[in-house]
Trainee: 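My questions all concern the structure below.
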Number of protein chains: 2
Amino acid sequence: MSDVTTGENLLFLTDEQLRQGIEAMYFAYRGFTADPDRILAGMAYGRAHHRAIHFINRAPGTTVNNLLLLLGVTKQSLNRVLRTLIEDGLVESRVGTVDKRERHLFLTEAGEALERRLSDAQRARMRTAYRTAGPQAVAGFRQVLEAMMDPDMRRRYHAMRESGA
Amino acid sequence: MSDVTTGENLLFLTDEQLRQGIEAMYFAYRGFTADPDRILAGMAYGRAHHRAIHFINRAPGTTVNNLLLLLGVTKQSLNRVLRTLIEDGLVESRVGTVDKRERHLFLTEAGEALERRLSDAQRARMRTAYRTAGPQAVAGFRQVLEAMMDPDMRRRYHAMRESGA
DNA sequence: CTTGGAATGTCAACAAGACTGACTTAAGGT
DNA sequence: ACCTTAAGTCAGTCTTGTTGACATTCCAAG
């Protein structure tokens, strides 16, 4: 351990440092959502639709229940969003083959097109930020974010990474 | 430049890495807001009240207009929040002495008490995350967050740090 | 000095997206 | 047969965002 991490030199843990971190998180999240929000503003969609599309793309064939756990909203709330996406032909809902109670969700071609448009914008900002800060900083960024998650979310986040990559 | 940052070794900039970063940001932000949300759930307040209280505490005497720029909402939206906080005796609004159109905002003792309760909870999570990840990671975290902000927000974020610390 | 425009803040009405609670339908599992 | 689980629906509420209209105050140009 270096001297910054021990004794009275825990300078990165002062209240002022923590407050600045909180504000940085707040302002950065605004930037993080700004580009997709702008794209969606024109259509009849919002951030809720984006989140659904994102996770259906990440885990094609996921069930409604699984999506519910990832998004942390009520089924009534998700249902409203999902219904419009299905009606508009962006998402397809297939009855489960092994368990017919389940609905498996997939993006249609139109859904994938919108997903790409949204995630291109979001990744472009992320890429610029990553490039500006450099690989070391990115590693630290990821470490702190992970430590900030609730344990449940951290589990789901890891599960997603394993199946995804 | 080290070899990770050049040539074909830009591994931290792959689409998969960026997607994981996006998801980490999403899940971490949920954790970030969870504790204050829980505290506020009981009262008739929400995240919007928290944000107002936070920034009034950070910049006592700030005007409504300045708060508007920080929060990025319409004045009508902020006004509703502010009105309830004033009615409930958490915020005091003083008519400007030099420009009587302006209202200067301050936390009352009750307001400061709630601010402390909310920010204690949020800082506790932040402190744990920082301690877990370590000072190097925290530095990287801050760098990436800053690079993710919109330029306007970055300016305001820096202005806040100068006056605050 | 007056008057018109800009800045600041307030009121009212509405929409999106979250919530709870109650209920239905269909399919599994014991 | 009975209970549970998955999904969907209907109704009502809350928070927080939006627009539009309006009042007050300031300031500067005529």
Side-chain angles (χ1 to χ4, degrees), chain A residues 26 29-30 33-34 36-54 56 61-88 91-106, chain B residues 26 29-30 33-34 36-56 61-88 91-106 118:
Chain A
Y26 168 69
Y29 195 78
R30 296 244 318 254
T33 56
D37 280 0
R38 244 189 305 275
I39 293 172
L40 291 165
M43 331 185 190
Y45 299 144
R47 216 173 278 181
H49 301 84
H50 181 194
R51 289 194 286 255
I53 288 174
H54 174 94
I56 293 173
T62 187
T63 62
V64 172
N65 224 352
N66 186 44
L67 206 49
L68 241 33
L69 293 172
L70 283 172
L71 297 177
V73 296
T74 58
K75 62 176 174 178
Q76 293 91 330
S77 193
L78 176 58
N79 195 256
R80 184 172 359 93
V81 166
L82 236 34
R83 191 166 40 207
T84 68
L85 290 174
I86 291 169
E87 278 169 8
D88 296 353
V91 168
E92 196 192 341
S93 165
R94 298 185 205 150
V95 174
T97 48
V98 359
D99 187 336
K100 288 180 192 161
R101 289 172 306 178
E102 294 179 337
R103 300 296 133 89
H104 299 278
L105 303 170
F106 299 88
Chain B
Y26 168 70
Y29 196 77
R30 296 240 323 249
T33 55
D37 280 359
R38 244 189 306 276
I39 293 173
L40 292 164
M43 330 184 192
Y45 299 143
R47 217 173 274 182
H49 300 84
H50 180 195
R51 290 196 284 254
I53 288 174
H54 174 94
F55 285 112
I56 294 173
T62 187
T63 62
V64 172
N65 217 5
N66 186 45
L67 207 49
L68 240 34
L69 293 172
L70 284 171
L71 297 177
V73 296
T74 58
K75 60 184 175 172
Q76 294 90 330
S77 188
L78 175 58
N79 193 256
R80 184 170 356 88
V81 166
L82 238 32
R83 189 167 45 209
T84 68
L85 290 174
I86 291 168
E87 277 168 9
D88 296 352
V91 167
E92 196 191 343
S93 164
R94 298 184 205 151
V95 174
T97 47
V98 5
D99 187 336
K100 285 179 192 161
R101 289 173 304 180
E102 294 180 337
R103 302 294 133 89
H104 298 276
L105 303 170
F106 301 87
L118 293 169

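Lettering of chains follows the sequences in order, A, B, ..., and the numbering in each one begins at 1. Owing to the predicted nature of the structure, the values given are computational and were not obtained by experimental measurement.
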Trainee: To the nearest Å, give me how far apart NZ (A:K75) and P (C:dT25) are.
Mentor: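 Interatomic distance, NZ of A:K75 to P of C:dT25: 14 Å.
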Trainee: Whole angstroms only, please: what is the CG-C1' distance between A:L69 and D:dA6?
Mentor: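 Taking atom C1' of D:dA6 as the reference, CG of A:L69 is at 12 Å.
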Trainee: From the list D:dC26, C:dG9, C:dG28, which nucleotide is the closest neighbour of the side chain of A:D99?
Mentor: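 Closest nucleotide among those given: C:dG28.
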Trainee: Specify the separation, in whole Å, of atom CG of A:L105 and atom C1' of D:dG8.
Mentor: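 Distance check: A:L105 CG to D:dG8 C1' gives 13 Å.
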Trainee: Classify the nucleic acid contact of B:V95 as base, sugar-phosphate or nothing, counting any heavy atom under 4.0 Å across all strands shown.
Mentor: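 B:V95: no heavy atom of the nucleic acid under 4.0 Å.
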Trainee: I want to verify a distance call: between C:dT8, D:dA6, D:dG17, whose nearest atom is closest to the B:A48 side chain?
Mentor: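 So the side chain of B:A48 is nearest to D:dG17.
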Trainee: Side chain of A:T74 only, heavy atoms from C-beta on: which candidate in D:dG8, C:dG9, C:dT20 is closest?
Mentor: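 Among the listed nucleotides, the one closest to the side chain of A:T74 is C:dT20.
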Trainee: Answer yes or no: does a side-chain N or O of A:N65 lie under 4.0 Å from OP1 or OP2 of D:dT5?
Mentor: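 No, outside the criterion.
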Trainee: Can you check the A:L68 CG to D:dG8 C1' distance for me, whole Å?
Mentor: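 Value for this atom pair: 12 Å.
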Trainee: Answer yes or no: does a side-chain N or O of B:R83 lie under 4.0 Å from OP1 or OP2 of C:dG9?
Mentor: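 Answer is no, no contact under 4.0 Å.
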Trainee: For D:dC14 and B:R47 - does any side-chain N or O of the residue sit under 4.0 Å from the phosphate oxygens OP1/OP2?
Mentor: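 Looking at the OP1 and OP2 atoms of D:dC14, neither is under 4.0 Å from any side-chain N or O of B:R47.
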Trainee: Provide, to the nearest angstrom, the distance between the CG atom belonging to A:L67 and the P atom belonging to C:dA18.
Mentor: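 Distance check: A:L67 CG to C:dA18 P gives 12 Å.
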Trainee: Can you check whether B:I56 reaches B:L82 side chain to side chain, under 4.5 Å on heavy atoms?
Mentor: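 The answer is yes; the side chains approach within 4.5 Å.
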Trainee: Looking at the base of D:dG12, is there any donor atom on it, or on the side chain of A:Q76, that sits under 3.5 Å from an acceptor on the other one?
Mentor: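 Absent.
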Trainee: Which heavy atom in A:L105 sits nearest to a heavy atom in A:S93, and how many Å separate them?
Mentor: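 Heavy atoms only, the tightest pair is CD2-CB, 4.0 Å.
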Trainee: Mind checking A:K100 for me? I need base, sugar-phosphate or nothing, with any heavy atom below 4.0 Å counting as a touch.
Mentor: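 Since only primed, P, OP1 and OP2 atoms lie under 4.0 Å of A:K100, the category is sugar-phosphate.
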Trainee: Under 4.0 Å between a side-chain N or O of B:R80 and OP1 or OP2 of C:dC14?
Mentor: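 For C:dC14, neither OP1 nor OP2 has a side-chain N or O of B:R80 closer than 4.0 Å.
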Trainee: State, with a plain yes or no, whether a side-chain heavy atom of A:T63 is found less than 4.5 Å away from one of A:H104.
Mentor: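 They are in contact (side-chain heavy atoms under 4.5 Å apart), so the answer is yes.
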Trainee: Check this one for me: any side-chain N or O of B:H49 less than 4.0 Å away from OP1 or OP2 of D:dT16?
Mentor: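 The answer is yes; a side-chain N or O of B:H49 sits under 4.0 Å from OP1 or OP2.
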Trainee: Starting from C1' on C:dA18, measure out to CG on B:L40 and report it in whole angstrom.
Mentor: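 Whole-Å distance recorded here is 15 Å.
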Trainee: Relative to the 5' end of DNA chain C, which residue comes earlier, B:T63 or A:G46, by the nucleotide with the nearest heavy atom?
Mentor: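 Comparing both residues, the 5'-ward one is B:T63.
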Trainee: Is there a donor and acceptor pair, one atom on the side chain of B:R101 and one on the base of D:dT24, closer than 3.5 Å?
Mentor: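 Check fails, no donor-acceptor contact within cut-off.
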Trainee: Does B:N79 have a side-chain nitrogen or oxygen under 4.0 Å from the phosphate oxygens OP1 or OP2 of C:dG9?
Mentor: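 No, no such contact exists.
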Trainee: Just how far, in rounded Å, is P of D:dG8 from CZ of A:R94?
Mentor: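 Roughly 15 Å, once rounded to whole Å.
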Trainee: Can a side chain N or O of B:S77 be found less than 4.0 Å away from OP1 or OP2 on D:dT16?
Mentor: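 Looking at the OP1 and OP2 atoms of D:dT16, neither is under 4.0 Å from any side-chain N or O of B:S77.
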Trainee: Is any side-chain heavy atom of B:R47 closer than 4.5 Å to a side-chain heavy atom of B:D37?
Mentor: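 Yes. Closest side-chain heavy atoms under 4.5 Å.
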Trainee: Would you indicate whether the side-chain heavy atoms of A:Y26 and B:L71 approach each other to under 4.5 Å?
Mentor: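 They are in contact (side-chain heavy atoms under 4.5 Å apart), so the answer is yes.
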Trainee: Nearest-Å distance, NE2 (B:H104) to C1' (C:dA7)?
Mentor: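 Answer to the nearest Å: 14 Å.
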Trainee: Going by heavy atoms in the side chains, are A:Y45 and A:D88 under 4.5 Å from each other?
Mentor: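 Sidechains of A:D88 and A:Y45: in contact.
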